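Okay, here's the structure, questions in a sec.
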Amino acid sequence: MAEPFSWVPAGINTDVPSAARVYDFLLGGGHNFASDRMVGEKVLQVLREGRAIASSNRSFMRRAVLLMMEQGITQFLDLGSGIPTVGNVHEIVQAENPDARVVYVDYDEVAVSHSQLILEGNDNAGVVQADMCRPEDVLSDPVVKDLIDFSKPVGLLMVAVLHFVSDAKGPAEVVARYRDAMPAGSLFALSHLTADFKPAEMGAVVEAMKNSRDPMYFRALSEFEPMFAGMEVLQPGVVPAPSWHPELGPAGEGGPEDVYVGLARKA
C-alpha cells in the first residue's frame with residue numbers, strides 16, 4: 001500500500017526497493033520507503049562508509065557541473081537523475097545563469113513525481129520518465145526536444161547510474177549512442193562505483209541489492225575507462241572522486257575512493 005504523500009504516484013508498490021530511493025536514504029533524504037531503508041541499512045552494515053561514498057559521488061556531480069559551466073555549457077541532460085535532494089543540477093546552474101536549461105531523466109516513478117513537484121513554475125527545467133538505456137526514447141521526448149538545443153553543446157551527466165546497467169545492456173554502448181547523438185563540444189560527466197579498493201565489502205553490497213528493482217554491477221577501472229571511448233578525457237583523467245578537481249569543492253573535502261569519475265569532451 002502506498003504511503004499517503006503527494007510525491008508518491010498512485011499504484012506504486014512500495015514493498016519493492018529501488019536504487020533511487022536507497023540512494024536518497026544514504027544521502028539523508030526523506031523520500032524513501034521502509035523497503036528502501038531496509039536495503040540501505042544492509043548496505044551500511046557491510047559498508048560503513050556507504051553514506052560518505054554517496055556524498056562523495058554527489059560532490060563530484062556538483063564540481064563537474066561547475067566546470068561544465070566554466071567551459072560555456074548552458075544546457076544539461078541528467079540521466080538517471082534520481083530523487084531530487086539539495087544541490088540538484090538546476091539549482092547549481094540556475095543560481096549562476098537563470099536561463100540555463102536542465103532536463104532530468106529517470107525511470108523511477110517517485111523520482112519523476114517529486115521532480116515534477118519541485119520544478120513547477122520553472123520554465124527552464126523539466127523531467128522525463130524514461131529508461132536511459134533507450135537513448136532514442138529519451139532524445140525524442142517532447143520535453144527534451146523543447147528544452148535542449150542540439151545545435152549547441154550539451155552537458156550530459158551519467159552520475160552513479162552506469163553501475164546499474166548490466167553487461168547484457170552494454171553500458172559502454174549506451175554511452176556511445178548518446179555521444180554520437182550530441183553535438184561537438186558537448187561534455188560528458190560519468191561516475192561508477194568500483195570494488196577495486198574494497199572487494200569484500202562491495203561484494204556484500206551487490207548481494208544486498210540483488211533482489212531490488214536495480215541490481216548493481218561494480219566495475220574495475222579497466223572496465224570503466226572504455227566508456228569514454230571516442231572522446232577526449234579532460235584532466236586529471238579517470239580517477240577516484242576525491243582526486244578530481246578538489247579545488248572546486250570545500251576546503252578539506254575528501255572521502256572514500258570507491259567511485260571512479262571522469263569528464264570528457266566530444267570533439
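Values in this document were obtained by computation on a predicted structure and should not be read as measured data. These values consider heavy atoms only, across backbone and side chains, with no hydrogens, waters or symmetry-generated copies.
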Aromatic ring pairing F197/Y260, orientation class (parallel under 30°, perpendicular over 60°, tilted between):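 Rings of F197 and Y260: tilted, 30 to 60°.
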
Would you name the heavy atoms of V105 and A130 that are closest together and state the gap between them?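 V105 and A130 have their closest heavy atoms at CG1-O, 3.9 Å.
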
Using the ring of each side chain (for Trp, its six-membered ring), is H90 parallel, tilted or perpendicular to Y104, with breaks at 30° and 60°?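 The rings of H90 and Y104 stand perpendicular, inter-plane angle above 60°.
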
Would you say L263 and W244 make side-chain contact, with heavy atoms under 4.5 Å?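 Side chain of L263 against side chain of W244, heavy atoms only: contact under 4.5 Å found.
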
Between D196 (side chain) and L221 (backbone), is there a donor-acceptor pair under 3.5 Å?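 Looks like yes, one N/O pair under 3.5 Å.
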
Under the 3.5 angstrom rule, does the side chain of S191 hit a backbone N or O of A160 as a donor-acceptor pair?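 Flag set: sc S191 to bb A160 pair under 3.5 Å.
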
Taking R101 for its side chain and D149 for its backbone only, find out whether a donor-acceptor pair lies under 3.5 Å.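 Checking the backbone N and O of D149 against the side chain of R101, no donor-acceptor pair under 3.5 Å is found.
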
Is it true that D141 and R134 have a side-chain N and a carboxylate O under 4.0 angstrom from each other?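 No, no charged N to carboxylate O under 4.0 Å.
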
Are E136 and R177 ion-paired here, with the side-chain N under 4.0 Å from a carboxylate O?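 Yes, E136 and R177 are salt-bridged.
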
So, for P183 and K266, which heavy atoms are closest and what is the spacing to 0.1 Å?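 Looking at all heavy atoms of both residues, the closest pair is O-CD, 3.9 Å.
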
Could you report the tightest heavy-atom contact between L248 and R63, atom names first, then the distance?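 Between these two residues, the closest heavy atoms are CD1-O, 3.7 Å.
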
Donor-acceptor contact present, side-chain R179 to main-chain E173, <3.5 Å: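 Flag not set: sc R179 to bb E173 has no pair under 3.5 Å.
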
